[in-house]
Amino acid sequence: MTTPSAAFRASAHLLTRLSHKFRLIEQAVPLPHSGVTYEIFQPATFDRLLTAAAQDPEQQLPYWATIWPSGIALGDAVLQQHRQFAGQRVLELGSGLGVTAAAALAAGAQLYVTDYSPETLLLCQLNTLRNVGLQPQTLRINWRQPSQALLALATPRFPIILAADVLYEKRDVQPLLALVDQLLAPDGVLWLAEPGRPPALHFVETAVSSGWRDSPTQHAGPWPDPQDEDVIVNVHRLRR
Ligand SMILES: C[S@@+](CC[C@H](N)C(=O)[O-])C[C@H]1O[C@@H](n2cnc3c(N)ncnc32)[C@H](O)[C@@H]1O
């Protein structure tokens, strides 16, 4: 149990640590359906992140540094069905800045978040501590090469996996299908939020054609960035 003063100390420590890496700005992120607003820290500029990405062996661009409609929609869906999360072991793949993670912790989940970027795991902890006074356990992963540590975390397998806007590259469809199959309990549910990118549609079609059942809902915003005005996010609940 994190006390308010321990949460404050931990977030102050993370803020100092992250401020040495990059200048941070804080943005208000309303979750349109539940009426909650989170204050989310993110890097102020992308220049240094793009320079670092150029050296990355996997050529990973710093998409983690942006607030995406899918993460907001998934957070909203979690809060709307919070009873399903209370007390559950939940894994999030590609957590980014932590909007969905804050909602899952607020709903009472025992949350493990994973991402390729170590910086975003720290930001996720900072943002959840600041907004809900709780932090998830974190693990750096590359879902294309699942580590023993990730497989060990999934013993027992997770009843719920969350993933928001993680399917934007064709090369990730098969690794993520295989990984979810490995990490999710037989009667578990994958909550996948996606804004209609072709790899995500391919993922859902492949899962459904191999026997998974889907019950999607649509989320239309409004989103913080006016450029996302027309984005519709599908939140799929996929079970075998
Ligand atoms: C578009 S962002 C979405 C972030 C967050 N879920 C949201 O909706 O705001 C995709 C996330 O997936 C992570 N990611 C991309 N490729 C990955 C990989 N191979 N292994 C683990 N995480 C990865 C990125 O670092 C980033 O945080």
Side-chain angles (χ1 to χ4, degrees), residues 27-32 38-43 46 49-50 52-53 56-79 90-105 111-128 131 136 138-147 149-151 153-154 160-180 182-183 190-200 203 219 221 223-225 227-228 231-236:
Q27 182 172 352
V29 180
L31 277 59
Y38 293 137
E39 299 291 331
I40 297 295
F41 277 110
Q42 63 184 132
F46 291 83
L49 306 181
L50 288 168
D56 182 72
E58 296 267 322
Q59 303 291 296
Q60 292 280 109
L61 289 170
Y63 292 123
W64 56 266
T66 298
I67 291 160
W68 298 94
S70 294
I72 299 172
L74 188 54
D76 237 346
V78 167
L79 288 178
V90 174
L91 176 72
E92 183 175 9
L93 297 170
S95 52
L97 295 168
V99 176
T100 307
L105 288 167
L111 182 68
Y112 299 81
V113 301
T114 60
D115 205 286
Y116 185 85
S117 155
E119 288 90 356
T120 208
L121 292 172
L122 294 175
L123 272 162
C124 179
Q125 285 181 307
L126 171 63
N127 284 324
T128 60
N131 285 284
T138 63
L139 181 66
R140 186 186 182 203
I141 66 160
N142 177 357
W143 59 53
R144 296 174 201 128
Q145 294 157 24
S147 60
L150 177 60
L151 301 179
L153 209 61
I160 300 176
I161 295 181
L162 300 172
D165 210 352
V166 297
L167 285 147
Y168 43 92
E169 292 193 58
K170 212 163 72 180
R171 63 176 167 166
D172 287 325
V173 173
Q174 289 306 330
L176 279 171
L177 278 166
L179 187 65
V180 167
Q182 234 178 332
L183 304 181
L190 168 65
W191 293 55
L192 172 72
E194 52 80 17
R197 304 185 204 283
F203 179 98
H219 296 244
W223 315 115
D225 185 343
Q227 288 187 19
D228 290 331
V231 172
I232 304 281
V233 176
N234 303 299
V235 177
H236 304 266

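Numbering of ligands and ligand atoms starts at 1, following listing order.
Checking side-chain atoms of E169 against main-chain N and O of R171 turns up no donor-acceptor pair under 3.5 Å. No donor-acceptor distance shorter than 3.5 angstrom exists from the side chain of N131 to the backbone of A102, with no hydrogens or angles considered. Under a 3.5 Å cut-off, the side chain of N127 and the backbone N or O of F41 do form a donor-acceptor pair. Checking side-chain atoms of T128 against main-chain N and O of Q125 turns up a donor-acceptor pair under 3.5 Å.
Using a heavy-atom distance under 4.0 Å as the criterion, the protein contacts of ligand 1 are Q60, Y63, W64, W68, G71, G94, S95, G96, D115, Y116, I141, N142, W143, R144, A164, D165, Y168.
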Take L49 and W64, measure what side chain to side chain contact (heavy atoms under 4.5 Å, CB included) needs, and give me the verdict at the end. CA-CA 10 Å; L49 306 181; W64 56 266; 3.8 Å; yes
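Using a cutoff of 4.0 Å between basic side-chain nitrogens and carboxylate oxygens, D172 and R144 are scored as salt-bridged.
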